[in-house]
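Notes follow once the structure below has been shown.
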Amino acid sequence: MGFISRKIFPACGSMCVCCPALRSRSRQPVKRYKKLLSEIFPKSPDSPPNERKIVKLCEYAAKNPFRIPKIAKYLEERCYKELRYEHIKFINIVTEAYNKLLCMCKAQMAYFAVNLLNVVTELLDNSKQDAMRILGCETLTTFIYSQVDGTYTHSIEKFVHKVCKLAHEDREEHQRRCLKASSLQCLSAMVWFMAQYSYIFAALDEMVYATLDNYELDTRIDDDNEREPHHNWVDEVVRCEGRGAIVACDSSPSNMIIRPQPEKKDPSLLTREEIETPKVWAQICIQRMVELAKESTTLRQVLDPVFVYLDSRRHWVPQQGLAMVVLSDMLYWESSGNHQLILGAVIRHLDHKNVSHDPQLKSNIVQVAAALARQTRSRGVLAETGFVSDLCRHLRKSFQATLESVGQQESNLNILLQNSIEGCLLEIAKGIDNALPLFNMMAISLEKLPSSGIVARATIGSLMVLAHMISLALISSRSQQVFPEDLLVQLMKAMLHPNVEVRMGAHHIFSALLIPSSSHPRHEVASLHSGFVYEPRRWRSTNASAFASISALLEKLRREKDGIKSEKNGYNIHEDFKGKDNMEEDSKQGLVVKSSRNIYTISSIIDRTAASNMVEAEPYIMKLTEDQIMQLLSGFWIQATLSDNLPSNIEAISHSSVLTLISLRLKNINDNLVVRFFQLPLSLKDISLDPSNGTLTPAFQRSILMLSMSMLMFAAKIYQIPDLIDLIKSIVPFDADPYLGINEDFQVFVRPQADVKCYGFVSDNQRASSLLSELRDKIDESNNILMDILVRNLSTITELEIDDLMKQLSEPFTPDDAFMFGPRSILDLDHNQMTPYSKESLSFDEDVRTSQLLEDDARSEASVLDLSHFIPKAPASPSISNVINIGQLLQSVISCNFLQLHAMNLCMIINYRIF
């Protein structure tokens, strides 16, 4: 009938109003999609949804894609209607229909995506019922996973703020927990989308904050008393001394535990309970953020909001904070090789404006970085060492702040930060395979060392700590290498710095690198909390620990060379160097130094695993070339004759010369160098006894005498010349100097009870003058005997003739020409270190305040700049005249260059006037 009415009687529809069969609606064919849409909804709200009808509707839509817009529009309007009536089951049917469309009509998504997103918006904005918002999150999650390209990127990005707001819900009801879990599930899908299509949402920081709000602390870490004893962590962290108060560092051993690797969650394998747990989805979000950060730029975009969140919520405390948990998990899940980038980012965060002025917060961050370094090196070596310079810079700033601080609390916080940085450097050093970049970094820092007392002391203090860390790395690698030339040159220049404490620090660095004393259970780490000069305190000397291990090696060399066993006489090296027990026993008798407050201000960190190994290995010793040893001898000569030296500087020179002699003894070097080693203390002896020397005070001459005698006796000990030791002992008493003493190992040490403030006063000079007058006659009488003993023994040790030996030993020691006037001459000091107010010299750290450079170093600078007293005053001899002629030649060249430049300028003026 409908067909006839349309074709035959077109006007019938408007005329016959009574016939139902002829009405316009009945004439249209029945739309099948409408029938299917009506069938997916049950007749009563309590009836279950018909899944089969929903699938049938989606199959119809897939076969008739032109019907999809009307289907989607109908579902959207039906959702709005049911929302008004709060029919949750009907709304659930609508979202289920959309989910089926996403699955079966993915290629036709453009036909219904807008309607679906409108429904999601309405569901997320419904604040009356949490179930509606959960449905919205689930639907949006399904929509995100159904994407095949980045077409709807901006549409998805608009939902970030709404979803993050749901993730911040803080009530603990079951429904709210499910809502947070659903929102975090949606966030994880968004992170997956960003990684899949290489796009970073602008609101990534909001996503990070929402994730971390739900990232709970891991309770699997046991307490301290439940830890296994075989873990190789640091057991004792440095206890600090600061202005009478003792501050304990917060970095306890439990902070150094490596967290167990967490299980990586797979969203498709979660149980129902895990699906409803927010912390599980928070972990999945972090997992996917790590996968997203495959490049350093993207990693920085992810880590920046993480750090800001941890700063604002104070989550950096290693034991109770979230930082250790989150960052450790990120390291475990990182698979693209960015482990060290994460560690470097944590260390560089110390410069952030939220952190830079808070020593307590910086200390916590460094402790977390130390634990991360330990975890990172457990997976391999640390190839990247760039962040070490950042740590040293912050350590330098902390030392400088300690030197300038006026309050006890501020000083204690800086000490805490210093301890934390030392522990972090220790962990990094254990994972370093190649220390060459660190050597270069130290050389650059020393090259730019300023002359300002405070800044220079803080800088050299940070490098002292780094030197101990590098020594640990060298010992662990066991690879023999030559002392870096550039670093040695800069160290020798630093040994002539205007500040006496900086000079002492340079010797400390040289000693730590040349022969590290870490083969013993105690690893010594520099801890400079208020400069280099401290109040006396109990301290276990590192000298004996270093020499106890070296003695065995020297004994082995002698046996291999001589082919016989060393006979036990009074000067057997192995017998002279005692172990720890003998050291303590000797210290009770006052024979061994118990305190050396000037150069060895170090704090101990005990390693439990090392303590169990009582077998001592041969010590690691860096090699010195012949040219380097010659330069060091020349440097020792110049340093020993500086007029502003303190007893601590004499002690430092003595220790460095001893280590250099040991390196010389272990290396088969030419005979002339051995003779030079004896010539140096003999010349120092002559200077100390010269009454006509007007540049040196009697007190300082007395100190030089003690230095020369100790150097002679130690050299005699190394080369087995016991007669020389007996002779010197009979002439010069070890207690002749009230400030300096000579211990049983023939090393100079500063007496613990000596008041150095009175050193060089009038009364002290008077006592020193009378002492030198008494000793001068005795030493002059025994000079012939001393020379006879030396020549006789050196003629058997070396291949030189007796006449040549006598001639060389009789001549005064002169610095090496290459050291004084070569391309890396000590005369270059006036460019870097002798310019007290040069801003360019501070380029290693732009944060140094210019006002700090106004410290008065006039006395020290004058003593270093006056190079004339480096040339010994003695009767004319070929070697002396040569050096003087070279100096005169240098002055004449400079004068000629000046005159030539002046003449050129004059010619230019004349030419200008002519033209």
Check whether NZ of the Lys or CZ of the Arg R457 lies under 6.0 Å from the centre of the six-membered ring of F399 and within 45 degrees of that ring's axis.
no
Rounded to the nearest 0.5 Å, how far does CG of L775 lie from CD of Q701?
12.0 Å
Identify whether the distance between the nearest side-chain nitrogen and carboxylate oxygen of D788 and R792 falls below 4.0 Å.
yes
Check whether any side-chain N or O of T641 sits under 3.5 Å from a backbone N or O of W637 as a donor-acceptor pair, and report yes or no.
yes
N743 side chain vs D745 backbone, donor-acceptor pair below 3.5 Å:
yes
Measuring from atom CG of L712 to atom CG of L786, what distance do you get when rounded to the nearest 0.5 angstrom?
6.5 Å
Flag side-chain contact, heavy atom, 4.5 Å: D764 against Y739
yes
Is the F734 ring parallel, tilted or perpendicular to the F746 ring (thresholds 30°, 60°)?
perpendicular
Taking atom CG of L487 and atom CG of L463, what is their separation to the nearest 0.5 Å?
9.0 Å
Take S708 and L682 through the side chain to side chain contact (heavy atoms under 4.5 Å, CB included) test and state the conclusion after the steps.
CA-CA 7 Å; S708 62; L682 290 175; over 6 Å; no
With a 4.5 Å heavy-atom cut-off, do L488 and F510 have their side chains touching?
yes
Say whether, by atom type as modelled, one donor and one acceptor occur between the side chain of S683 and the main chain of F813 under 3.5 angstrom.
yes
Heavy-atom donor-acceptor pair, D671 side chain to E799 backbone, under 3.5 Å:
yes
Side chains of L794 and L800: closer than 4.5 Å at any heavy-atom pair?
no
Do the non-hydrogen side-chain atoms of I650 and F700 ever get within less than 4.5 Å of each other?
yes
Can you list the steps and then say if S703 with N645 is a side chain to side chain contact (heavy atoms under 4.5 Å, CB included)?
CA-CA 9 Å; S703 300; N645 276 335; over 6 Å; no
Where do A715 and L661 come nearest, in terms of heavy atoms and distance?
CA-CD2, 3.4 Å
Could you check I731 against S782 for side chain to side chain contact (heavy atoms under 4.5 Å, CB included), going step by step and ending with a plain yes or no?
CA-CA 8 Å; I731 299 173; S782 59; 2.8 Å; yes
Output for pair (L449 CG, T459 OG1), nearest 0.5 Å, gives 6.0 Å
Between D627 and T625, is there a side-chain donor-acceptor contact under 3.5 Å, judged purely by atom types and distance?
no
Taking 4.0 angstrom as the limit, do R503 and D644 come out as a salt bridge?
yes
Which atoms form the tightest heavy-atom contact between F483 and L513, and what is the distance?
CE1-CB, 3.9 Å
Can you tell me how far CG of L790 sits from CD of Q808, rounded to the nearest 0.5 angstrom?
12.5 Å
With a 3.5 Å distance limit and no angle check, can you tell me whether S795 reaches the backbone of V791 through a side-chain donor-acceptor pair?
yes
L446 side chain near I460 side chain, heavy-atom distance below 4.5 Å
yes
Tell me whether S471 contacts the main-chain N or O of H468 through its side chain, where contact means a donor paired with an acceptor under 3.5 Å.
yes
For residues A754 and P738, report the shortest heavy-atom separation together with the two atoms involved.
CB-O, 3.6 Å
What heavy-atom pair brings L403 and A458 nearest, and what distance separates the two atoms?
CD1-N, 4.5 Å
Where is the tightest heavy-atom contact between A716 and I725, given as atom of each residue plus distance?
CB-CG1, 3.7 Å
Apply side chain to side chain contact (heavy atoms under 4.5 Å, CB included) to residues N783 and K685 and explain how you reach the verdict.
CA-CA 11 Å; N783 267 340; K685 174 182 68 69; 3.1 Å; yes
Do M622 and P484 touch side chain to side chain, with heavy atoms closer than 4.5 Å?
yes
When rounded to the nearest 0.5 angstrom, what is the spacing between OG in S656 and CD in Q639?
7.5 Å
Indicate whether the side chain of E811 and that of Q679 have a donor and an acceptor atom separated by less than 3.5 Å.
no
Mind listing the closest non-hydrogen atom pair of A467 and M442 along with its distance?
CB-CE, 4.2 Å
Side chains of H507 and E651 only: does a donor on one sit below 3.5 Å from an acceptor on the other?
no
Within a strict 4.5 Å, meaning less than it, do heavy atoms of the L724 and N793 side chains meet?
no
Hey, does V465 have a side-chain heavy atom less than 4.5 Å from the side chain of S462?
no
Could you tell me whether the side chain of H497 and the main chain of A506 form a donor-acceptor pair under 3.5 Å?
no
